[in-house]
2 protein chains.
Amino acid sequence: MKLGEGVEAAIHCASTLASVDGNSTMPGAALAECFGLSPSYLLKHLNQLTTARILESVPGPAGGYRLARAAERITLLDIVLAVEGREPAFRCSEIRQRGPVKIDASAYVKPCGINAAMLKAERAYRAALAEVKLSDIVAEYAAEGDPRAFAASCAFVERYQRPQKSASSKQI
Amino acid sequence: MKLGEGVEAAIHCASTLASVDGNSTMPGAALAECFGLSPSYLLKHLNQLTTARILESVPGPAGGYRLARAAERITLLDIVLAVEGREPAFRCSEIRQRGPVKIDASAYVKPCGINAAMLKAERAYRAALAEVKLSDIVAEYAAEGDPRAFAASCAFVERYQRPQKSASSKQI
DNA sequence: GATAGAATACTCGGATAGTACATGTCCGAGTGAGGAAGG
DNA sequence: CCTTCCTCACTCGGACATGTACTATCCGAGTATTCTATC
C-alpha cells in the first residue's frame, strides 16, 4: 500500500502541461527543472503517460510533450493507472485452496468474500480519483493557490513552451 | 499501488481465528499449514497483528494466537493498516517548491490541491474497508460459501485449536 | 502416595540472507532546424 | 535573391546499474507440561 514517487511527478507535470497554449509543447527537461527532478528519470514516467494516450510527444528540436486531449477529459485516475499499472492493488492468490485439505475445485467457483470486499474498497478509491479532472486541479490552483506561486508557474510555462508550426493541422 | 501478499494471509488467518471457541488458541504453524504458507514467514505478519492489538499470543505448549477482541469489533481496515502501515499511500514530497524559481515559503502554507485530492480518495478507500467487519466476512462465508469448504474449515479449526486452562479468568 | 524440582518440548519473537521491484543513469535512434553552397 | 542539400543540435525512447522493500528462513528466549526423585 504505497504509491511510487513518480505519481506525484506525473500529476504535477500533467497539470503544468495543461497550462501551455494550444498545442505548443514543453520539453521534458524543462519539466524536470521546474520540479527539481532528474531529467532522465522523469522521461520514464512521461513515457508511461504517452503510452497511455494521456500525453503526446513531439520529437526533434522545438519538440516536447503536450496533453493528448483537453484537461477536462483527463482524470487523476487516468494518470495514476498509467503510472502504477491497471492491476488492482489487492491480488487474491486463492490461498484458501492451497491447504492440505483437498476439496473439489467446484467448491471454489464463487470468488472469496475477502477478495470481493477488498476490490469493492478499491473501486471506491478509483471512483474518487475519477471524479477529479485535471482541469479541476488547475482551476483550484489558480483560484485558491498563492498568487505569487501561480504567477511563477505561468512565467515558467511561458518561458519554456515551444509553439508548433503544423499546430492546427495536427488537431485530432 | 500494490499491496503485499501478507495482507491476504493476515485476513484469512484472522477469519479463521474468529471461528475458534471462546479463548482457545491456534498455533501459527497450524494456520500456515491451513493455507500452504511458510510457517516462519507467516509469524511475521501475525506478529504485526499482535503488535496492533488485533491478536493475542500465548507462549508455551498449547499456546498460539487468538483474537484480542470480538470479531464484530475488528474491521478489514484494522488488519490492512496493521500489516501495511498506517502511512497514507500517497506521500506529497512537495516537489512544487523544489524548482529553481525561489519563492518565499509563505506561498506554500496551503497544502497542495493534488495532495488533498489523493488523500480524499484514500479516505474513501479506508472508509470502505472500515465498513467491513471480520464477523461479516465469517458470516458471509458460512452463508454463501460452499458447504463442503466451510465444513472443512470448521474441521480444521476443531482439530488444531487448543483450549486454555485459565480461559475464563483471562476474559477482558 | 503426594510434592517439589528439574529437564523437556513446544510456542512465539527478533535477527539474518535472498529476491523482486522501483529508482536512477546512460547512450542511441530519429527529427526538424539552421546554415552553406549552388543556381 | 531563392532554392536545395547537408550538417547539426535537440528531442524522445529504450537498455543498463543501483537502492530499497518485500519475501523467505533460521536460531534464540520463554513457558507450561511432564517426568523423576525425594519426603
Side-chain angles (χ1 to χ4, degrees), chain A residues 1-10 13 17 24-33 35-52 55-66 68 83-85 87 89 91 93 95 160-167 170, chain B residues 1-10 13 17 24-33 35-52 55-66 68 83-85 87 89 91 93 95 160-167 170:
Chain A
M1 194 55 185
K2 202 169 56 175
L3 272 70
E5 198 175 331
V7 176
E8 184 182 7
C13 288
L17 288 175
S24 298
T25 63
M26 197 165 170
L31 291 167
E33 183 189 352
F35 299 113
L37 301 173
S38 164
S40 306
Y41 183 43
L42 183 62
L43 286 190
K44 186 184 175 72
H45 295 304
L46 293 176
N47 191 15
Q48 289 176 306
L49 295 179
T50 304
T51 304
L55 300 185
E56 282 179 354
S57 68
V58 177
Y65 293 95
R66 69 182 160 213
V83 175
E84 291 289 322
E87 294 300 315
R91 297 146 297 168
S93 37
I95 64 173
Y160 281 104
Q161 69 178 354
R162 318 274 185 183
Q164 298 295 307
K165 288 199 326 185
S166 56
K170 200 160 185 213
Chain B
M1 194 56 185
K2 200 169 55 175
L3 273 71
E5 195 177 332
V7 176
E8 183 182 7
C13 288
L17 289 174
S24 297
T25 63
M26 197 165 170
L31 289 168
E33 182 189 353
F35 299 114
L37 302 173
S38 164
S40 307
Y41 184 43
L42 182 61
L43 287 191
K44 186 183 175 72
H45 294 304
L46 294 176
N47 191 15
Q48 289 176 306
L49 296 179
T50 304
T51 304
L55 300 185
E56 282 179 353
S57 68
V58 177
Y65 292 95
R66 70 182 159 214
V83 176
E84 293 288 323
E87 294 300 314
R91 297 148 297 169
S93 36
I95 63 174
Y160 281 104
Q161 69 177 355
R162 318 274 185 182
Q164 299 295 306
K165 286 200 325 184
S166 57
K170 202 160 184 210

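In what follows, every chain begins at residue 1, and chains take the letters A, B, ... in the order their sequences are listed.
Counting any heavy atom pair closer than 4.0 Å across all strands shown, K44(B) reaches a base atom. Contacts of S38(A) with the nucleic acid, taken as non-hydrogen atoms under 4.0 Å apart, involve only primed sugar atoms and P, OP1 or OP2.
Taking all atoms of both residues into account, the shortest heavy-atom contact from F35(B) to I95(A) is CD2-O, 3.6 Å. Of all non-hydrogen atoms in L42(A) and A9(A), the two that sit nearest each other are CD1-CB, 4.0 Å. Between Q161(B) and S24(B), the closest heavy-atom pair is OE1-CB, 4.1 Å.
Summarising the geometry, the separation between CG on L49(B) and P on dC12(C) is reported as 13 Å, rounded to the nearest angstrom. Nucleotide dC12(C) holds its P atom 6 Å from the CG atom of L43(B), rounded to whole Å. Between the NE2 atom of H45(B) and the P atom of dT25(D) there is a distance of 12 Å, rounded to whole Å. The CD-C1' distance, from E33(A) to dT11(D), rounds to 16 Å in whole Å. Look at CE on M1(A): it is 17 Å from P on dA21(D), rounded to the nearest Å. What separates CD of Q48(A) from P of dC12(D) is a distance of 15 Å, to the nearest Å. dT19(C) atom P lies 17 Å from atom NZ of K2(B), rounded to whole Å. Counting to the nearest Å, the C1' atom of dT23(D) and the CG atom of L42(B) are 13 Å from each other.
Checking dG13(C), dG13(D), dA9(D) against every side-chain atom of P61(A), the shortest atom distance belongs to dA9(D). Here the nucleotide nearest the side chain of Y65(B), chosen from dA22(C), dC12(C), dG13(D), is dC12(C). Nearest to the side-chain atoms of E5(A) among the listed nucleotides dT23(C), dC12(C), dG13(D) stands dT23(C).
For dG14(C), neither phosphate oxygen OP1 nor OP2 lies less than 4.0 angstrom from any side-chain nitrogen or oxygen of Y41(B). S57(B) has a side-chain polar atom (N or O) that falls below the 4.0 Å cut-off from OP1 or OP2 of dG13(C). Put simply, N47(B) has a side-chain N or O that comes within less than 4.0 Å of OP1 or OP2 on dG14(C).
By the 4.5 Å heavy-atom criterion applied to side chains, R162(A) and T25(A) are counted as neighbours.
When each of G63(A) and G60(B) is assigned the nucleotide of DNA chain D with its nearest heavy atom, G63(A) is the one assigned upstream, toward the 5' end. The residue among G4(A) and A62(A) whose nearest nucleotide of DNA chain C is located toward the 5' end is G4(A).
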message = Evaluate L31(A) against L17(A) for side chain to side chain contact (heavy atoms under 4.5 Å, CB included), listing each step before the verdict.
response = CA-CA 9 Å; L31(A) 291 167; L17(A) 288 175; 4.2 Å; yes
